[in-house]
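Everything on this sheet refers to the single structure shown next.
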Amino acid sequence: MSVTAEEPRRGSRGTVGVTVRPQPVTEQSYMESVFTFLHDVVPQAYSGGSIVDGREKVLWVRFDEADINDVGRNSMFEQCPGPGDTPPLLLTLGYSNGLQIWSLPESGEAQEVFSMRHGPVRTARLLPAPLPVLARRDLFTEKRPLLATCDSISSSVGQAYCAVDVRSLRTGDVVKSIQFKTPIFDILANQRILLVALQEKVAAFDACSFSKKFFITSCFPSSGPNPNPLALGARWLAYSDNKLVQRHQSYGGVSGDAVQSYTATVISAAKTIKSGLSLFGEAVGRLTGGRSLSSSSEEEGAIGGPRRQSLTQGVVTITDIERAQGQVQVSDDHEGDAIVAHFPAHDHRPISALSFDASGMLLVTADCQGHDFHVFRILAHPLLAAQAAVRHLYTLHRGDTEAQVQDITMSQDSRWVAVTTLRGTSHVFPINPYGGAPCARTHLSPRVVNRVSRFQRSAGLEEIEADIASKPTGRSNSPVPSLSPSPSASPCHSRLARQESFCNRINNNPGNPRLPPFPHPMTIAPLIQIRQPVSLGRVSKSSGKNKGGGSPQQACSKGSSGMELCVAARFAPSRSQFLNSTAVSREKDRASVVDNLFVACSYGMLLEYQLDLQPAFGAAKISDESSLDLLASPRCSWTLARSALWDEARPPFDNNHPLLLASDTVQAWRGRRDGHSCTNCGSNESLSSDPGVEGEEWLSQVEIVTHTGPHRRLWMGPQFQFKTVQSSGQTMVLSSSSSALLSQGTPEPLQPDIMDLHSLRLQPVRSDPVTMPRPSSAPRAAALEIEAGSGMFEQNSLLLEVSHSWPDSSAIGRGVTDPVDEGLRERIADAMVESPGVCPPDHAVELRREGSIETLSNSSGSTSGSFPRAYESYRASLPGLDTPLPLQDDDG
Amino acid sequence: MKNERESKKKTTKKANDVIACDFRHGGLKDRPGMLDLEIVPERSAGNESWEFSLGMPFAQAVSILQKHCHLVRNVQVLYSEQNPLENDLLLNLTQDGLTLVFDSCSQRLKIIEVYNLSKVKLKYCGVHFNSPTIPPTIEQIDQSFGATHPGVYNAAEQLFHLNFRGLSFSFRLDARLDTPKFAPHYAHGLASLQIPNGATVERMHVYAGNALSDARAPLMPPNCYGGNVYAEGVDVLCDAYGPIGLKFRLLTAGCGPVMRVDNKLQTFQRCVYLGDHCQDVVSIIGSPHKVFYKSEDKMRIHSALPHKQKSRCNDYFYNFFTLGVDILFDAISQQAKKFVLHTNYPGHYNFNMYHRCDFRIPLIPRCELDKDKEPFVITAYTKWDAVREA
């Protein structure tokens, strides 16, 4: 019917354990699961069936990062691009009697890489190999990979779950055991440190030696499934702080007026719900009835228990683990060197979950009510947290019922967020790493597009919007009504208000992204909610768009504590491609836009959902800005729960065990440049015979476009005109004084020194384009690029067809319409000025005017014509070189 | 009140004024939108909402001009095509009689020159000394500034220079009447006594330092930082195999609502290496101004390795405009894999997007024989020909 229990194959002893092949979720079972979903509050209806008997009880599931899926250092993923490129998923299952780790490579054959039976395990983490830093020597090179576990039996102090055991998978022995006085909630690790989360405390240990590095004692506890929420990036640790210290507070933080925007969201969501009128009415009714957010949450608080009293804080501190030493705290009498940012993330509600994206620049936070999740972009300052800024990009609105968040995951490209609640529902939200409305343009492309589309840029819309945004601050004495936080905001916004009034004074500041005003956060509703049934081991799903929240299903299952389910989700490329080859081609077409979502639940099932993204149905025409529709369909499933019959797969492992192999390659990695130098050596060999190779390689590394240009370049005018000065051996002071010589006679005093751009073409110094460097001339050409004067012209006439009707330009144009006359006047002026005592500047070069400067400012056509030609001649004279690069305009 | 006083002053020397007006101003019309600048010697020229400070980077001055494009209509950017480093980079505000002189190497403001005083109103300590109604005569200058030095006569230019610290005025003499009196042998020391009463200021310079001739662009004043981080210099770090990272000498000054301790200028050194994670880079040198997602890779076609034709999509640049540096990150591993250093020469397509990066790239000699030689260092001012020879 759904999952057929194929007899798992056993690998050879010492390498891998069981291998499980994916099972297709057939169309039939899919239909059925939709049906059952509607009734899943009545467990008796379908309790018979698919769960395989004899499976051990899974307590928790978690996706993990370790050496085996470290794309940065594991050269296996660099050398073979293409199908083998995707790192395996690592899934850890905690049992009441032990632990199990699965690796799921792209082939789809899940391998059991670790399995042990020894009492309940609270948490476990594979430790990545530490970064190779000269100052620190890894004491455990021979022992890696290491696995840190916290289980009930190993602690000697008597209390359970109070010790971390670090076990070598290579030798099987426990290489380190760290004892604590209080129970451990979680273990986190990256390439620098091992973190242990305790009650309101965090202890950090060096990854090389497991010596104490720093500790935090000021965490604010959460009432959710994770009592001490932490997020660990490559270098930053985000934790929930117990106070807000103004001295260190960063600019920005949670924007206080999210409440207002709910109504708009509900209405826009309801537009897409055809039969959802009653729901719509209900939701709006609740929202418009006064401060609906607080009132509705009050009701639910009655069910939710007494935790409402403890609502406070919601402050997040991000520390730099490289700089952190000793006790890390945010306080007034503390310099706070190690603090990256310190900001309010939720108004008076404790943080219950935190997560960085892959780049570590986005932080998603959830509070204990779980109505809304916030997406922040961290803009750090190299010295001070108080100079850093935190932009509130999105408010992800899950619903108005209470829910506890247990897992937040983001796709590799940071365009999708999946937040999983304790009820087993994964809410999938589209976001952009730079903010703004997710739309067809940003999400239907397989790659991340830039914030500003070509259309917007060429029309100058960005500048216009920026103007509008800065308008309130431009008026010097206005109280900044639209940008100030709403009165309902907490006192933690007092600094914000000051920031914005300060901003009035500095409106000339050249774009510092860390300074307010910041754009308003956008409220986003989930595109899809994927639900694992709470009560039985059956697959079901919901694709309903109950964006307004308060769907009946949710309401029914709410509040019953027995219906909590541990679910973990992860975006990853499909693992089911090899399942049935007929689907491959069809799938390839679509699969690349969104990664598939892998959901593991504590029934020991792993499901792969294919996410199909389309422009919203019903839109009049599909444009760049159309909203999106997401369809999720389960592709296949893996039954990973351990059967009582299975043997353990416990260390020591053979050297060809996947985890050991990965650890070896990662430890052999000594920086990216080593890889480079290897290829360089190789190419040096061939270089002697074929000098073209390295030059070609060099050429392929040249970057043409590195930034989003403004819609008009400075030299496109009309306010600015570019003119060149003939070098005549004079210093500038003299040259500027010579400018005065003509100031009486001619309206444009600097004329004698100026050649207009057009006439420059006639200069004898006009050069041939400089050729690209030959390999022989640049010793380190392959790795070191000297790209001077990266010429790139947008021939897109759109950019140049901008109004030339500068109000005053007509007057100027009239003054010089007759070029011959003008030239004559200049010569006369020259002659008049030449007095015996004055040595005129070098006039060897004849002035030739062909009316070109004026055409530069008056006609858009000639702008594109004359400047680049002048540029061509300019290239040769630059201190540097230039290359005849292909013309191009950016953005897709 | 101020005007009253000034008008009184004016009546006392009305005769001179009339001559001056006829000669220089051609009328008393106050052009609408005429710039009204407060002059601070050695520091700046500006008004209450913006100012050009000596030491200000070129891009910042441009940004001020762009913001006030309704006031400042025509700006000429003057630079040397052949030899961009030899001649200073100028911004000539043709309608306002103002030239901003930027040092061609550092691209910071060196001199503010007013070459036509009839097009602009000037104040010192809140009091006008030049406007359509107040001609900048020698008496007016004396009264506003209190001359302490004698003027210096420059026969070649036929100008009298009256110098203050960080400020100088040049007076033109009426050639028909005055020149004979100021023959060179008179023009030492005592000549200032003989600046005729009618002389008006021909040009005015604001600069840092003692004399106009050796004016240097000062360091960037703290109020120009606006919380941004600027690089004093960037060294490319190399090991035996090639470049491994960048060493930044950074400058920043905070901008806080109140005068706080961290508003003062701070200098520090930071290193970024290839292979650093996003979070590393942002911790070390701060967040970028913009992020640019690489949309296509046309140069990929030149690659020798065919499989690279399939470009790794989604690589992204962090644009540090004030540092003049771009850092390319790998989309998958989020590690830095390429640095782009910008020289920001006028005439370049991207001119005025990036601050000039004052970099030093030592070239490691390839063959053993060259080991003893001083390594050739490429800077932002090295010509390509020199690089070729090395």
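So you know, we letter chains A, B, ... as the sequences are listed, proteins then strands, and number each from 1. Values below: all heavy atoms of this structure, side chains included; hydrogens, waters and symmetry mates excluded.
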Only pairs of heavy atoms separated by less than 4.5 Å count here; which of [options] has the most with chain A?
options	answer
B:Tyr273, B:Phe351, B:Phe268	B:Phe268
B:Gln334, B:His277, B:Glu48, B:Met353	B:Gln334
B:Pro57, B:Gly286, B:Cys278, B:Ser283	B:Ser283
B:Leu91, B:Leu328, B:Leu250, B:Asp280	B:Asp280

Among the listed options [options], the residue most often paired with chain B at heavy-atom distances under 4.5 Å:
options	result
A:Ile378, A:Asp320, A:Leu131, A:Leu383	A:Leu383
A:Arg377, A:His381, A:Met361	A:Met361
A:Gly360, A:Gly233, A:Ala380	A:Ala380

Side-chain heavy atoms of [X] within contact of [Y], under 4.5 Å:
X	Y	result
B:Thr252	A:Gln387	no
A:Tyr434	B:Val291	no
A:His707	B:Val340	no
B:Asp326	A:Glu703	no
B:Phe292	A:Val705	yes
B:Gln66	A:Leu714	yes
A:Trp236	B:Val282	yes
A:Val340	B:Gln279	no

Steps toward side-chain contact (heavy atoms from CB on, under 4.5 Å) verdict (B:Val62, A:Phe720) | CA-CA 9 Å; B:Val62 166; A:Phe720 288 81; 3.8 Å; yes
Residues in side-chain contact (heavy atoms from CB on, under 4.5 Å) contact with B:Ser170, at least two apart in sequence or another chain |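 In terms of side-chain contact (heavy atoms from CB on, under 4.5 Å), with neighbours along the sequence ignored, B:Ser170 is linked to B:Leu159, B:His161, B:Arg203.
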Indicate yes or no for a side-chain donor-acceptor contact from [X] to the backbone of [Y] under 3.5 Å, with no hydrogens or angles considered.
X	Y	answer
A:Gln719	B:Val75	no
A:Arg514	B:Gly227	yes
B:Asn319	A:Thr706	yes

In terms of side-chain heavy atoms, does B:Asn350 have a donor or acceptor partner in A:Arg713 at a distance below 3.5 Å?
->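 Short answer, yes.
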Is a side-chain donor-acceptor pair under 3.5 Å present for A:Ser359 with B:Tyr318?
->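 Result is no, nothing qualifies.
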Which atoms form the tightest heavy-atom contact between [X] and [Y], and what is the distance?
X	Y	result
A:Gln412	B:Ile332	NE2-O, 2.7 Å
A:Pro513	B:Pro288	CG-O, 3.5 Å
A:Leu515	B:Gly226	CD1-O, 3.7 Å
A:Pro382	B:Val229	CG-CG2, 3.7 Å
B:Tyr349	A:Trp715	O-NE1, 3.1 Å

Distance (rounded to the nearest 0.5 Å) between A:Asn512 CG and B:Phe321 CZ |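 Interatomic distance, A:Asn512 CG to B:Phe321 CZ, rounded to 0.5 Å: 12.5 Å.
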Find the distance between CD1 (B:Ile284) and CZ (A:Arg235) and round it off to the nearest 0.5 Å.
->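 That separation rounds to 4.5 Å.
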Can you tell which part of B:Phe329 gets under 4.5 Å to a heavy atom of chain A, answering side chain, backbone, both or neither?
->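 The answer is neither part of B:Phe329.
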Among all residues two or more places apart in sequence or in another chain, which pass the side-chain hydrogen bond (donor to acceptor under 3.5 Å, both in side chains) test with B:Asp103?
->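 In terms of side-chain hydrogen bond (donor to acceptor under 3.5 Å, both in side chains), with neighbours along the sequence ignored, B:Asp103 is linked to B:Ser106.
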